[in-house]
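Comments concern the structure below.
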Amino acid sequence: MAAKKNYWLVKSEPVKYSWGQFVKDGETVWDGVRNYQARNNLKAMKNGDEVLFYHSKEGMAVVGVAKVSKEAYQDPSTGDERWVVVNLKPAKALKTPVTLEEIKKDKKLQNMKLLQQGRLSVSPVSEDEFHTIVDHGSKKS
DNA sequence: GCCAACGTTGGC
DNA sequence: GCCAACGTTGGC
């Protein structure tokens, strides 16, 4: 076991699907991804991988951490075989949301895909970046 | 609400 | 296979 764990970041517009709703649901199917890069990232997710949950537009902050509870499978919301989904479960909420502004200010986070490619909805995060963010989120600001 | 950036599509 | 047009996303 103990294959190396990977880290990711997914975004959602809170208007559409918020962290609060996610926690209430207990588990969700991450569907609606219609972008190849994002799709490839979904496919690379493994059970137990940790995923930063980011609110785009309204909020613009990482608000919690989720875990992959089911690896990629065919998107049930479309017959198109190209698209896949994963299941995610909330792992823990961040005490303080880590805002985009804060991420931009942190030297260690300058290489994040989030900053380089703002529009990508599922992106890889390095272990360092992951821990840095969770660190920010566990502090009172 | 606006605008810029990017990805995707379709015509050639 | 290339490139222009279009649509969508997301920050401000």
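Everything numeric here is computed off the predicted structure, so don't read it as measured data. Below, chain A is the first sequence line, B the second, and so on; all start at residue 1.
In this structure, A/Leu115 atom CG and C/dT9 atom C1' are separated by 16 Å, rounded to whole Å. Following rounding to the nearest Å, A/Arg119 (CZ) and B/dT8 (C1') show an atom-to-atom distance of 10 Å. Residue A/Lys11 contributes atom NZ, which lies 8 Å from atom C1' of C/dT9 at whole-angstrom precision. To the nearest angstrom, P of C/dG11 lies 13 Å from CD of A/Glu101. Here the P atom of nucleotide B/dG7 and the CD atom of A/Gln116 are 12 Å apart, to the nearest Å.
The side chain of A/Asn35 sits closest to B/dT8 out of C/dC12, C/dT8, B/dT8. Residue A/Gln117 places its side chain closer to B/dG7 than to any other of C/dG10, B/dG7, C/dC12.
Between the base of B/dT8 and the side chain of A/Arg34 there is no donor-acceptor pair shorter than 3.5 Å.
Checking the phosphate oxygens (OP1, OP2) of B/dC6, no side-chain nitrogen or oxygen of A/Lys113 falls inside 4.0 Å. Here A/Gln37 reaches the OP1 or OP2 of B/dG7: one of its side-chain N or O atoms lies under 4.0 Å away.
Applying the salt bridge (Lys or Arg N to Asp or Glu O under 4.0 Å) test to pairs two or more places apart or on separate chains, those with a residue in residues 67-89 of chain A are A/Arg34-A/Asp75, A/Asp80-A/Arg82.
Looking at heavy-atom distances under 4.0 Å, A/Lys104 makes contact with sugar-phosphate atoms alone, never a base. If you check every strand for non-hydrogen atoms under 4.0 Å, A/Leu100 touches sugar and phosphate atoms only.
Ring geometry for A/Phe22 versus A/Phe53: interplanar angle under 30°, hence parallel rather than tilted (30 to 60°).
When each of A/Asn6, A/Val68, A/Leu9, A/Val65 is paired with A/Val51, the side chain to side chain contact (heavy atoms under 4.5 Å, CB included) condition holds for A/Val68 and for no other.
With hydrophobic clusters built from ILVMFWY side chains whose heavy atoms lie under 4.5 angstrom apart, A/Met112 shares a cluster with A/Leu100. Both A/Leu115 and A/Val125 belong to a common hydrophobic cluster when Ile, Leu, Val, Met, Phe, Trp and Tyr are linked at side-chain heavy-atom distances under 4.5 angstrom.
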Quick one, A/His136 with A/Ile103, criterion side chain to side chain contact (heavy atoms under 4.5 Å, CB included). Give me CA distance, side-chain angles, the key distance, then yes/no.
CA-CA 9 Å; A/His136 277 285; A/Ile103 292 170; over 6 Å; no
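In this structure, A/Trp83 has its ring center at least 6.0 angstrom away from the ring center of A/Tyr73.
Contacts of residues 51-61 of chain A with DNA chain B (heavy atom under 4.0 Å): none.
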